[in-house]
Amino acid sequence: MSESNVILKVDAIETYYGQICALRDVSFEVHDKQIVTLLGGNGAGKSTTLKTISNIEPCRVGKITFFGEDITTMPPHKIVELGLIHIPEGRRIFKDLTVRENLELGGFTRRGDDKKRDLMIDEVFCRFPRLRERHAQLGGTLSGGEQQMLAVGRGLMAEPKLLMLDEPSMGLAPLLVAEIASIIRDLNNEGIPILLVEQNSKMALGLADYGYVLETGEITLEGPASELIKDPKVVKAYLGIE
Amino acid sequence: MENKNNLDLNNGEVAVVHEGTAKRGFFTRIIDSVYSFMDKTHNKIIVAVILLAFVLTVPLWADNYILQVAWNAMFYMLLALGCNIIVGFTGMVDLGFAAKFAVGAYTSGILVHTFGWNFWLTLPIVVIVGMIAAVLIGGPALRLRSDYLAIVTLGFGEIVRTVARNLEITGSASGLSGIKRPYIFGTQLTRIWMWYYLFVFLVFLFVVASNRVKDSRFGRGLAYVREDEDAARAMGVNVVKFKMWAFIVGTVMGAIAGAFYVMQMAAVSPNSFQFTQSSNILLAVVLGGMGKVPGVMAGAAFFSIFPEIFRSIGEYRMLFFGIALVLVMIFRPQGLWPERRRR
């Protein structure tokens with residue numbers, strides 16, 4: 001692929017928790033219109049990678065650029081304003097706020113324009129009719145699948161130019177995992193590039209164009225998803241068939 | 001399967017709530033029915049009018065002692081409303097709120113007493129000093145985890161008291177006394193009923209300010225920070241800035257309350273700013289229902305009036321006070337009148 005359509009470039013980043021090195025020399029790229037997935041087991045550094053990109057965890061070494069702009073040390077709220085939206089692990093919706101209030105937060109970076117905000121909430125409701133039914137309910141009373149929809153809807157409110165999803169399938173029944181997968185596919189078809197972190201490698205590789213495998217903080221394997229899914233190492237370690 | 005997951009994600013929070021609703025006691029049901037009664041707008045207006053009429057007519061029948069207690073309740077409401085911005089709206093723990101009203105009290109007290117300023121002209125200075133104090137404490141502490149803020153505010157509370165006790169300009173251990181009371185429209189505020197009405201007016205202003213904050217973009221940001229700091233940050237809320245401003249607004253409200261307090265007392269001494277004072281204010285906010293303005297006011301009224309009602313039984317009243325607190329924690333762990341009914 002050509003350099004010109006690289007929207008997110010992560011260049012040799014290192015992140016530490018105190019003295020412990022969580023990411024070492026991690027580099028990857030997300031191209032326009034792509035779904036890119038980061039695979040790996042528990043503690044491999046998948047979530048840390050996303051947190052480092054959105055600067056919730058500071059990056060000690062390396063460089064991160066988004067649409068050519070250096071965002072390595074940019075404060076998190078500025079990164080959101082650029083349209084790089086992180087939907088954190090465990091959904092992290094506000095359990096004591098209503099569905100609507102949760103969505104309002106998503107448009108937080110856009111000041112003042114209430115009309116546009118209401119319009120966008122309506123769009124989210126059209127996409128997820130079940131959220132419309134429950135708009136006045138507290139977030140914590142939603143089912144796991146609905147909470148994930150709410151988390152995605154909240155992310156969409158910020159008009160993402162790149163959506164980073166951290167384990168959207170976590171803790172969901174197989175039927176709901178399929179539903180979330182089709183939501184991700186739809187969003188991508190509408191032109192939103194996606195960086196997907198998953199433990200459910202089968203689902204992730206089924207969706208993605210390109211994949212990277214993280215092991216104890218380092219990228220050990222990369223390639224088009226269609227090749228990774230056949231790679232004997234990936235099959236053995238992450239897909240668990242034969 | 002799915003449900004189980006829900007519970008895990010909530011760090012057990014939902015589990016606790018379920019337990020609470022499972023054994024809804026008599027006490028809880030009474031309060032819930034009061035709550036649903038208050039949910040209707042016209043009921044709200046009726047209750048508000050009756051309360052307001054009552055509050056405004058207190059000086060007509062009350063003796064000086066009752067007025068003093070009522071005034072003190074108003075004062076506590078001011079402090080609790082200020083503290084509520086920090087603790088209730090934003091979810092930060094402040095263990096040294098007394099220091100904030102000490103800052104206002106001493107600023108105004110010194111300017112009037114030592115430098116002969118007009119009290120009303122000291123108010124802008126009180127606001128500025130309050131802001132400076134907030135930035136000094138909050139600047140370093142707000143970047144850290146919230147537990148550190150609790151320690152820092154606790155320390156600041158003690159520092160302010162110790163400094164006041166040892167400086168000459170603050171009158172050292174005996175404090176300042178014989179401070180000239182201010183005038184309104186040429187009338188000196190000497191009678192307690194005047195102060196009572198002035199403080200009712202101040203409470204009104206603080207309530208309006210609190211509601212304005214709550215309904216603004218700023219207030220919504222604070223609610224997001226309170227609910228989940230990381231998620232708020234991930235969605236583009238500048239967490240440190242929002243916390244800083246909440247801290248400043250709360251501190252300034254405390255400082256203003258302190259400035260008026262010192263003028264009514266016509267004196268100020270370091271003993272007014274003990275740690276128990278800070279903990280009472282914090283408890284009033286938590287007990288009343290974090291973030292809910294009427295709840296916080298009820299909590300403050302409870303804290304200032306309860307010990308007075310049982311004054312006749314001497315120190316035993318603290319025993320009943322303790323029992324009352326334990327009862328509230330068992331039956332209303334989310335406060336008497338919380339922000340939202342949790343189901």
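The shown structure was predicted, so the numbers you read here are calculated from the model rather than taken from an experiment. To find a chain, count down the sequence lines: A is the first, B the second, and so on, and within it residues start at 1.
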Might you point out which heavy atoms bring B:A234 and A:H86 nearest each other, and give the distance in Å?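 Looking at all heavy atoms of both residues, the shortest contact is CB-O, 4.0 Å.
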Of all heavy-atom pairs between B:M235 and A:G106, which one has the smallest distance, and what is that distance?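 Nearest heavy atoms, B:M235 then A:G106: CE-CA, 3.8 Å.
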May I ask you to decide if the ring planes of B:Y224 and A:F94 are parallel, tilted or perpendicular, using 30° and 60° as cut-offs?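 The arrangement is tilted - the two ring planes meet at 30° to 60°.
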Side chain, backbone, both or neither: which part of A:L105 has a non-hydrogen atom closer than 4.5 Å to chain B?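 Both parts, backbone and side chain.
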Consider salt bridge (Lys or Arg N to Asp or Glu O under 4.0 Å). Of A:R91, A:R154, A:R92, A:K95, which one does B:D228 pass it with?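 Result for salt bridge (Lys or Arg N to Asp or Glu O under 4.0 Å) with B:D228: A:R92.
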Considering only heavy atoms, give the residues of residues 72-80 of chain A separated from chain B by less than 4.5 Å, sorted numerically, with 'none' for an empty result.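 Interface residues of residues 72-80 of chain A: A:P76, A:H77, A:V80.
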Considering heavy atoms only, which positions within residues 54-70 of chain A lie below 4.5 Å of chain B?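 The residues closer than 4.5 Å to chain B, in numerical order, are A:I56.
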Starting at CD of A:E89, measure out to CG of B:D230 and round the result to the nearest 0.5 Å.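 The CG atom of B:D230 is 11.5 Å from CD of A:E89, to the nearest 0.5 Å.
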Which value, rounded to the nearest 0.5 Å, describes the distance between B:R220 atom CZ and A:L97 atom CG?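 The distance works out to 11.0 Å.
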